[in-house]
Amino acid sequence: MTPVFIVLLFLSLSAVHARAIDDEVLKEAPSDVSQTIEGVNSGINTRLAHGDILLNIRRNADPCVTSGCKWPKSGDYVYVPVTISSIYSAREKNLIIRALLAFHESTCIRFMWRRRHQDYLSFESRDG
């Protein structure tokens with residue numbers, strides 16, 4: 001039952017990717033996203049990596065060998081649960097989904113909607 005659900009979830013994410021992003025949304029996007037991010041975060045007094053990532057000094061991206069993976073590989077893929085805050089507009093959510101789906105094309109990472117998972121990625125509008 002679970003594998004069937006996961007397959008259906010990914011198919012639905014693919015459908016969102018194909019239909020949800022229209023040309024008008026892409027035309028409205030700023031030509032230099034880095035400058036936009038830098039401008040929005042300019043008043044933040046916290047150290048940010050790459051202009052928009054709040055560093056967590058209690059964790060690092062150490063390979064899973066020493067401490068275990070948050071999301072172990074299941075078959076050929078690593079399934080990572082995600083949530084997207086309701087504060088984002090439909091357009092912003094679609095851009096986030098599109099970025100997540102880009103990982104499907106070149107990595108073994110497959111994003112899925114969070115259900116009851118303890119470890120997950122949460123897209124929120126906060127400091128950093």
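Being a predicted model, the structure only gives us computed values, none of them experimental.
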Problem - Nearest-0.5 Å distance that lies between atom CG in Leu95 and atom OG in Ser89 - result: 8.0 Å
Handout entry: Heavy-atom side-chain proximity of Trp113 to Thr83 below 4.5 angstrom
Key = no
Handout entry: Crowding at CD, Glu124 (>12 non-hydrogen neighbours, <6.0 Å)
Key = yes
Handout entry: Contact summary for Cys108 and Asp76, nearest pair of heavy atoms
Key = CB-O, 3.5 Å
Practice task
Fit a plane to each ring of His104 and Phe111, take the angle between them on a 0 to 90° scale, and name the class: parallel (under 30°), tilted (30 to 60°) or perpendicular (over 60°).
Solution key: parallel
Handout entry: Over 12 non-hydrogen atoms of neighbours within 6.0 angstrom of CD1 in Ile109
Key = yes
Fill in the blank from the handout: In terms of heavy-atom contacts, Tyr77 and Arg110 come closest through CE2-NH2, 2.9 Å
Handout entry: Cation-pi, Tyr120 ring and Arg114 (6.0 angstrom, 45 degrees)
Key = yes
Completion exercise
Closest non-hydrogen contact found for Lys93 with Ile84 is CG-CG2, 3.7 Å
Exercise for the section: For Arg126 and Phe123, indicate whether the former's side chain and the latter's backbone hold a donor-acceptor pair under 3.5 Å. Expected result: no
Handout entry: Any side-chain heavy-atom pair of Arg115 and Pro81 under 4.5 Å
Key = no
Handout entry: Nearest heavy atoms of Ser74 and Tyr79, plus distance in Å
Key = O-CE1, 3.9 Å
Exercise for the section: May I ask you to test the Leu121-Trp71 pair for a side-chain heavy-atom distance under 4.5 Å? Expected result: yes
